[in-house]
A.B. asks: 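Starting off with a structure, shown below.
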Amino acid sequence: MDHGERPEHRQAASDLTGRSSELDLIRAVIEGTGRLGGSLTLRGEPGVGKSALLDAAADLALANGMRTLRAAGAEFEANIAFAGLNQLLVPLTPMFPRLDSSHESALRVALGFGDGATPSRLLIATATLSLLLLAAHDQPLVVLVDDTQWLDDASADVLAFVARRVTDTAVRVLTAVRTTGQPLAGDVNGLTIHSLDDAAAESLLIDRYPDLAEQVPLRIVTEAQGNPLALVELPTMLTSDRYPTGNALPAVLPLTERLSRTFASRISALAPETQDLLLLALDGSGRVLSDEGVVGPGAAAQLDIAEHERIVVVDRQHAVVFRHPLVRSAVVELAGPEARRRAHRALAKGRALDPGHRAWHLADASFGPDEEVASLLQREAIQALKRGDPTAAVAAMTRSADLSPDLQHRSQRLAATAYFAAEVMGDPQSVSSLLSDARRVNAGVGSLAAASAAASLLLYSDGDVISAYRVISAALRAPDIEPAAEEVNSAIWILSLTVALNGRKEMWDSYRELVERYRHMLPESVLIRSEIATNPATASPEALATLDRQIAALATERDPGQIIRVAYVANDVDRLADLREPLLRVWREGMQAGAVASVTNALMLLCGESYLAGRWDDTQRFAEEAWNLSRPTGTWSSSGT
């Protein structure tokens with residue numbers, strides 16, 4: 001970590017993850033047990049841990065009874081002669097009178113404490129060496145200088161002079177410089193600080209942040225690429241309340257102010273047209289920079305500049321990629337809102353772009369409400385739900401509502417989001433909040449999605465089966481209703497649950513009537529549910545054959561909702577054993593995606609299947625998993641059990 005970019009909690013010298021060999025070498029220099037003499041330069045990329053190792057060197061010096069003097073180069077002082085030397089030697093000014101008069105005068109003038117003509121650099125350098133040797137005579141001394149790439153030239157020359165002459169003395173000189181900077185002239189002892197390997201990176205991350213959401217650590221380790229500063233800083237921007245799962249993370253991770261300063265310096269020096277081109281990294285990878293249809297003519301010259309500045313590189317597949325993922329994030333951080341919108345508009349034209357990514361780019365390029373883009377995002381939400389990614393579905397539908405110019409459409413989309421939160425994520429707090437937002441936008445909202453979400457809230461939060469039945473059946477019977485097929489499918493499913501839980505004949509009759517009314521809009525799985533659930537003992541051979549085909553199709557099914565619905569029908573006719581593998585898949589993948597309700601349903605069905613098969617250990621394990629998952633957060637399962 002570079003100067004000014006240290007974590008709040010400094011690690012002890014013995015507690016730097018993955019740096020044992022580097023610490024051994026630093027210890028050898030400080031204690032004079034190696035053959036490197038009295039100086040060492042640490043070289044590495046920004047944030048790789050150079051400053052932390054200098055901190056460790058200070059700790060080791062203290063443990064050995066040595067005094068430390070510290071300084072750091074600063075960009076804004078790079079043109080002020082002897083600014084770095086002033087910072088380093090001010091603590092020793094009480095010792096100036098012990099020097100000979102020429103050395104004392106040279107230092108006072110150079111450091112701005114006295115008047116007169118500026119002495120030669122050689123005289124100032126010998127005066128500095130004399131002062132340090134004098135101080136070390138009283139107490140062994142370690143000089144630590146960070147960010148030497150930003151030292152003023154005069155200070156750098158003096159310190160290089162000193163570093164070459166402290167061998168066999170009680171003075172040690174340790175400096176740190178970025179890979180792109182110049183070390184002190186003539187410094188022969190160098191140590192390159194490499195990024196941490198994946199194991200050390202994961203250890204550092206989990207040690208600092210043990211409670212990160214599922215899959216977030218993996219994404220951070222991938223993006224940080226072993227950079228300790230990134231590993232320590234990124235989690236502060238990726239809290240679980242903003243990003244509950246790894247799937248919810250944005251394509252380009254946000255940077256803290258420290259990270260932005262660290263990775264943005266080379267970006268800000270580029271010409272505006274080059275920065276605009278690099279901003280196309282908003283696609284999340286930077287590979288779109290190889291697509292001439294997106295970047296346009298003249299991009300090659302700008303990319304040459306970026307490659308020369310070590311920002312991008314052309315890989316073996318002739319694709320343009322960033323040297324570090326967080327440089328890509330820095331490009332985004334530096335851009336203004338209009339520049340980002342232009343980039344998103346360009347990215348939406350990508351040749352190989354799938355409809356979901358295109359919809360999101362158009363949404364991020366939108367300045368205000370746009371029904372066309374809102375509709376595209378609504379379709380993406382449905383697709384995300386079918387592929388088992390409820391977090392993405394909720395995000396897409398929420399953004400679709402934001403972009404809806406029509407208040408009724410906006411309220412209906414908020415209600416649909418509430419249904420997703422209810423039936424897949426099992427989040428009653430979000431359901432209630434989203435329904436309130438929908439009603440606030442349009443007090444007369446009467447969509448089937450709103451009714452389904454409200455019925456779910458009544459059924460699973462309050463346990464009010466009768467009220468849930470009344471809400472959903474009334475919505476299905478509304479004379480002016482013009483629902484979409486997805487809304488009808490969800491509403492009939494909720495209705496079937498309320499009827500099955502209550503069991504009254506008049507409810508079953510009403511349920512069958514409504515199934516017939518909407519038969520042309522219902523998928524086969526819901527129609528089979530209506531026949532088998534009504535009376536499993538009299539299910540026709542044709543219905544059972546259809547169910548068997550549906551069960552077989554689940555081998556490649558990605559939609560957890562479809563798996564759960566078929567499983568509940570299969571449960572009615574003792575076919576759960578055929579659903580074990582798909583249900584295990586819903587459990588595993590749903591845990592990663594944050595689909596709490598789907599996971600709870602899968603666990604309860606697995607519990608029933610294991611019980612019937614006599615696998616008692618599995619029965620207990622699945623029951624405990626479901627109980628522990630739903631109890632702390634107030635979530636529910638669609639079974640109503």
Side-chain angles (χ1 to χ4, degrees), residues 1-3 5-7 10-64 66 68-73 84 88 140-151 155-156 159-169 171-201 204 224-232 262 310 323-324:
M1 284 156 275
D2 290 331
H3 184 70
E5 299 171 343
R6 300 173 189 143
R10 173 172 157 179
Q11 288 180 282
S14 61
D15 190 33
L16 286 179
T17 304
R19 297 301 188 201
S20 58
S21 60
E22 291 88 344
L23 288 170
D24 287 344
L25 186 58
I26 290 171
R27 182 180 292 105
V29 172
I30 289 177
E31 297 176 355
T33 58
R35 299 180 180 179
L36 293 176
S39 65
L40 179 67
T41 289
L42 309 178
R43 299 195 64 180
E45 294 289 340
V48 79
K50 303 182 296 297
S51 296
L53 287 167
L54 289 183
D55 287 342
D59 291 341
L60 290 168
L62 179 64
N64 282 276
M66 305 173 78
T68 59
L69 295 176
R70 299 196 69 157
L88 186 71
L141 182 68
V142 177
V143 173
L144 304 171
V145 184
D146 206 349
D147 287 327
T148 60
Q149 74 276 357
W150 290 328
L151 277 180
S155 295
L159 289 174
F161 178 92
V162 170
R164 294 194 299 271
R165 288 166 174 78
V166 294
T167 303
D168 298 326
T169 73
V171 176
R172 305 287 183 265
V173 178
L174 282 82
T175 61
V177 62
R178 291 187 176 184
T179 304
T180 53
Q182 291 296 322
L184 296 181
D187 187 14
V188 294
N189 299 322
L191 174 63
T192 299
I193 310 302
H194 297 287
S195 299
L196 298 175
D197 61 32
D198 286 349
L204 172 60
Q225 291 193 348
N227 187 290
L229 177 64
L231 291 165
V232 170
T262 299
R310 295 175 55 83
R323 285 184 175 269
H324 196 288

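Note: hydrogens, waters and symmetry copies are ignored here, and every other heavy atom, side chains too, is used. Residues take their numbers from the sequence shown, with the count starting at 1.
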A.B. asks: Backbone N or O of L60 within a donor-acceptor pair of the R27 side chain at under 3.5 Å?
C.D. replies: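 A pair under 3.5 Å: no.
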A.B. asks: What is the distance from atom CZ of R172 to atom OG1 of T167, rounded to the nearest 0.5 Å?
C.D. replies: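 Answer for the CZ-OG1 pair, R172 versus T167, is 8.5 Å.
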A.B. asks: Rounded to the nearest 0.5 Å, how far does CZ of R164 lie from CG of L159?
C.D. replies: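 Reported to 0.5 Å precision, the distance equals 11.0 Å.
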A.B. asks: Residues in salt bridge (Lys or Arg N to Asp or Glu O under 4.0 Å) with D197, at least two apart?
C.D. replies: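 In terms of salt bridge (Lys or Arg N to Asp or Glu O under 4.0 Å), with neighbours along the sequence ignored, D197 is linked to no residue.
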A.B. asks: Check L144 against A58 and note the closest heavy-atom contact, atom names and distance.
C.D. replies: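 Minimum heavy-atom separation between L144 and A58: CD1-CB, 3.8 Å.
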A.B. asks: Can you name the nearest heavy-atom pair linking L53 to I193, along with the distance?
C.D. replies: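 Taking L53 first and I193 second, the nearest heavy atoms are CD1-CD1, 3.6 Å.
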A.B. asks: Between the side chain of R43 and the main-chain N/O of T192, is any donor-acceptor distance below 3.5 Å?
C.D. replies: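 No: the side chain of R43 does not pair with the backbone of T192.
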A.B. asks: Taking all heavy atoms of S155 and all of G84, pick out the closest pair and write down the distance.
C.D. replies: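 Shortest heavy-atom separation between S155 and G84 comes out as OG-N, 3.3 Å.
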A.B. asks: What pair of heavy atoms forms the shortest contact from A224 to A230, and how long is it?
C.D. replies: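 Nearest pair, atom of A224 first, then A230: CB-CB, 3.7 Å.
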A.B. asks: How many angstroms lie between CG in L191 and CD1 in I26, if you round to the nearest 0.5 Å?
C.D. replies: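 Reported to 0.5 Å precision, the distance equals 7.0 Å.
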A.B. asks: Quick one: pull up CG in L25 and OG in S20 and give me the separation to the nearest 0.5 Å.
C.D. replies: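 Interatomic distance, L25 CG to S20 OG, rounded to 0.5 Å: 11.5 Å.
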A.B. asks: Once side chain to side chain contact (heavy atoms under 4.5 Å, CB included) is applied, do any residues pair with S195, and if so which ones, sequence neighbours excluded?
C.D. replies: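 Listed in chain order: V48.
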A.B. asks: According to side-chain hydrogen bond (donor to acceptor under 3.5 Å, both in side chains), who are the partners of E22, at least two apart in sequence or on a separate chain?
C.D. replies: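 E22 satisfies side-chain hydrogen bond (donor to acceptor under 3.5 Å, both in side chains) with R19 only.
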A.B. asks: Kindly say whether W150 contributes a backbone atom to a donor-acceptor pair with the side chain of D147 at under 3.5 angstrom?
C.D. replies: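 Side chain of D147 to backbone of W150: no pair is present.
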A.B. asks: Would you check, one step at a time, whether the test side chain to side chain contact (heavy atoms under 4.5 Å, CB included) holds for L196 with L231?
C.D. replies: CA-CA 10 Å; L196 298 175; L231 291 165; 4.2 Å; yes
A.B. asks: Using every non-hydrogen atom in the two residues, find where V142 and A61 come nearest and quote the distance to one decimal.
C.D. replies: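 In terms of heavy atoms, the two residues are closest at CG2-CB, 3.7 Å.
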A.B. asks: Is K50 reaching over with its side chain to a backbone N or O of E45, donor-acceptor style, under 3.5 angstrom?
C.D. replies: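 Looks like yes, one N/O pair under 3.5 Å.
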A.B. asks: Let me confirm one number: the CG-CG distance from D146 to L54, rounded to the nearest 0.5 Å.
C.D. replies: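 D146 atom CG to L54 atom CG measures 5.0 Å (nearest 0.5 Å).
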A.B. asks: For S39 and V29, work out which heavy atoms get closest and say how close.
C.D. replies: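 Closest approach of S39 to V29, heavy atoms only: N-CG1, 4.3 Å.
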